[in-house]
Amino acid sequence: MYEITVKLPTKKIERIITHLYQKGYYQTFYEVPLDVVTDSNGYAFVEKRNETTELNIYIDEYIEARERRQLVELLAIDESSLVVKEIEELNYQQSFDDIFLENGWVITTPDRKNHYDKEKRIVLDSQGNFGTGYHETTKDCLYFILQNDFTGLSVADIGAGSGVLSVASVLKGASTIDTYDIQPVEREILYQCELNGVRPVNVIQSDLIKNKNRMNKKYDWIFLNIGTQENIDILNAQRLLDCKDTTFITSGMLEWNSHRVETLFEEAGFLLKEKKQSNEWVTCLFTCP
């Protein structure tokens with residue numbers, strides 16, 4: 001396989017992708033340049049549409065004269081701008097290092113699981129959704145989960161992503177786990193359950209802000225690891241602050257806006273039992289006295 005690379009303005013790439021496809025160039029990749037900005041809800045990303053970025057085109061066979069001529073014409077560039085190299089394999093799968101958590105647990109991959117005690121490991125093969133274990137919010141949620149006993153308890157994991165928090169709660173003894181996510185993550189979460197040798201959890205695809213009647217039962221624990229505003233919207237839409245017998249883990253919040261969620265819980269009569277911050281990310285454990 002061959003990789004052909006050319007630098008072009010982002011706006012131009014967006015215009016020509018369809019033409020490349022029509023000419024038989026089906027495998028293309030480019031990264032849109034982004035600016036990271038902050039607002040009252042946390043981080044946001046703004047496309048830098050006037051920037052130049054690399055367009056990569058992948059083809060199985062490369063006939064130099066023909067390909068160069070065709071691409072020069074399609075891309076409207078100088079021939080010297082094309083960089084061509086042969087690659088052995090086009091592999092989009094990202095490899096992950098083992099993640100050592102604070103309380104003696106480790107997140108590892110299926111091929112390395114036998115390196116660790118099965119009593120203190122989470123096996124994770126992320127298929128691309130949030131929750132690889134690398135992010136501070138995931139690690140800190142796991143810190144709270146793995147130091148508690150969930151035997152016989154019910155759990156709602158809202159914004160479940162890969163399902164790593166749900167898997168952790170099953171490993172700690174939870175009897176009923178419902179995962180909620182706006183994305184279609186059922187296949188991935190059930191796969192993670194299989195990797196860890198735990199019974200499948202219930203996966204529900206739903207927008208809990210718009211579908212206000214979707215959650216119709218009470219839970220002993222609720223995990224909310226999305227973002228400050230999303231956490232607030234779900235708490236209000238689902239009237240979760242009425243659940244006085246529930247313990248909450250809330251995360252995805254930043255140091256400059258986490259007070260909004262803290263205030264909401266305090267006004268509802270909950271106690272901030274423990275708070276953990278990693279870099280700018282804040283995770284809270286709330287109980288009702």
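What you are looking at is a predicted structure, and each value in this text was computed from that prediction instead of being measured.
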When you look at [atom1] of [X], are more than 12 heavy atoms from neighbouring residues, nucleotides or ligands closer to it than 6.0 Å?
{"X": "Asp149", "atom1": "CG", "value": "yes"}
{"X": "Arg239", "atom1": "CZ", "value": "no"}
{"X": "Lys218", "atom1": "NZ", "value": "no"}
{"X": "Glu194", "atom1": "CD", "value": "no"}
{"X": "Lys244", "atom1": "NZ", "value": "yes"}

Distance-only side-chain donor-acceptor flag, [X] / [Y], under 3.5 Å:
{"X": "Gln205", "Y": "Glu186", "answer": "no"}
{"X": "Asp60", "Y": "Tyr2", "answer": "no"}
{"X": "Asp157", "Y": "Thr179", "answer": "no"}
{"X": "Thr176", "Y": "Ser154", "answer": "no"}
{"X": "Tyr143", "Y": "Asn103", "answer": "no"}

* Apply side-chain contact (heavy atoms from CB on, under 4.5 Å) to Leu74 and Lys23, showing your working. => CA-CA 9 Å; Leu74 278 171; Lys23 292 293 184 179; 3.7 Å; yes
If I compare all heavy atoms of [X] with all of [Y], which pair ends up nearest, and what's the gap?
{"X": "Ile177", "Y": "Ser169", "result": "CG1-OG, 3.7 Å"}
{"X": "Ile189", "Y": "Ala160", "result": "CD1-CB, 3.9 Å"}
{"X": "Ala168", "Y": "Leu142", "result": "CB-CD2, 3.5 Å"}
{"X": "Glu280", "Y": "Gln277", "result": "CA-NE2, 3.9 Å"}
{"X": "Glu230", "Y": "Ile209", "result": "O-CD1, 4.5 Å"}
{"X": "Asn148", "Y": "Lys172", "result": "O-CE, 2.7 Å"}

* To do: Report the C-alpha separation of Lys217 and Asp178 in whole Å, then their side-chain angles, then the decisive distance to 0.1 Å, and conclude whether the side-chain contact (heavy atoms from CB on, under 4.5 Å) test is met.
  => CA-CA 10 Å; Lys217 64 194 221 184; Asp178 292 339; 2.9 Å; yes
* To do: Could you go through the side-chain contact (heavy atoms from CB on, under 4.5 Å) check for Thr52 and Thr10 one step at a time?
  => CA-CA 6 Å; Thr52 296; Thr10 304; over 6 Å; no
* To do: From the options Phe270, Phe144, Phe265, select the one residue that forms a ring pair (Phe, Tyr, Trp, His ring centres under 6.0 Å) with Phe286.
  =>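 Only match with Phe286 under ring pair (Phe, Tyr, Trp, His ring centres under 6.0 Å): Phe265.
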With a 3.5 Å distance limit and no angle check, can you tell me whether [X] reaches the backbone of [Y] through a side-chain donor-acceptor pair?
{"X": "Glu255", "Y": "Asn257", "result": "no"}
{"X": "Asp220", "Y": "Thr246", "result": "no"}
{"X": "Asp117", "Y": "Glu119", "result": "yes"}
{"X": "Thr108", "Y": "Asp98", "result": "no"}
{"X": "Arg121", "Y": "His115", "result": "no"}
{"X": "Thr137", "Y": "Gly252", "result": "no"}
{"X": "Thr228", "Y": "Ser258", "result": "no"}
{"X": "Thr263", "Y": "His259", "result": "yes"}

Nearest 0.5 angstrom please: [X] [atom1] to [Y] [atom2], how far?
{"X": "Ile99", "Y": "Thr138", "atom1": "CD1", "atom2": "OG1", "answer": "8.5 Å"}
{"X": "Thr250", "Y": "Leu285", "atom1": "OG1", "atom2": "CG", "answer": "8.5 Å"}
{"X": "Asn231", "Y": "Leu224", "atom1": "CG", "atom2": "CG", "answer": "4.5 Å"}
{"X": "Arg199", "Y": "Leu190", "atom1": "CZ", "atom2": "CG", "answer": "13.0 Å"}
{"X": "Leu153", "Y": "Trp221", "atom1": "CG", "atom2": "CH2", "answer": "8.5 Å"}
{"X": "Leu82", "Y": "Ile57", "atom1": "CG", "atom2": "CD1", "answer": "7.5 Å"}

Indicate yes or no: at least one non-hydrogen side-chain atom of [X] is less than 4.5 angstrom from one of [Y].
{"X": "Leu254", "Y": "Trp256", "answer": "yes"}
{"X": "Glu3", "Y": "Val83", "answer": "no"}
{"X": "Thr109", "Y": "Lys113", "answer": "no"}
{"X": "Phe150", "Y": "Leu171", "answer": "no"}
{"X": "Cys284", "Y": "Val282", "answer": "yes"}

* Asked: side-chain contact (heavy atoms from CB on, under 4.5 Å) with Tyr180: which of Ile234, Ile222, Leu208?
  ->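 The passing option is Leu208.
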Hydrophobic cluster identity match, [X] and [Y], side-chain contacts under 4.5 Å:
{"X": "Val72", "Y": "Leu75", "answer": "yes"}
{"X": "Phe100", "Y": "Leu146", "answer": "no"}
{"X": "Leu272", "Y": "Leu241", "answer": "yes"}
{"X": "Val106", "Y": "Val198", "answer": "no"}
{"X": "Ile226", "Y": "Ile182", "answer": "no"}

* Would Glu102 and Lys276 pass as an ion pair if we require N to O under 4.0 Å? -> yes
* Would you mind checking if Lys275 and Glu262 are paired as a salt bridge, meaning a charged N to carboxylate O distance below 4.0 Å? =>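 Between Lys275 and Glu262 there is a salt bridge, with a charged N closer than 4.0 Å to a carboxylate O.
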* To do: List the steps and the verdict of side-chain contact (heavy atoms from CB on, under 4.5 Å) for Val203 and Val201.
  => CA-CA 6 Å; Val203 184; Val201 304; 4.1 Å; yes
* Give the C-alpha distance, both sets of side-chain angles, the deciding distance and a yes or no for side chain to side chain donor-acceptor pair (under 3.5 Å) between Gln192 and Asn196. => CA-CA 6 Å; Gln192 309 302 343; Asn196 286 275; 5.2 Å; no
* To do: Let me see the working for Asn56 and Tyr30 under side chain to side chain donor-acceptor pair (under 3.5 Å), right down to the final yes or no.
  => CA-CA 6 Å; Asn56 296 312; Tyr30 71 98; over 6 Å; no
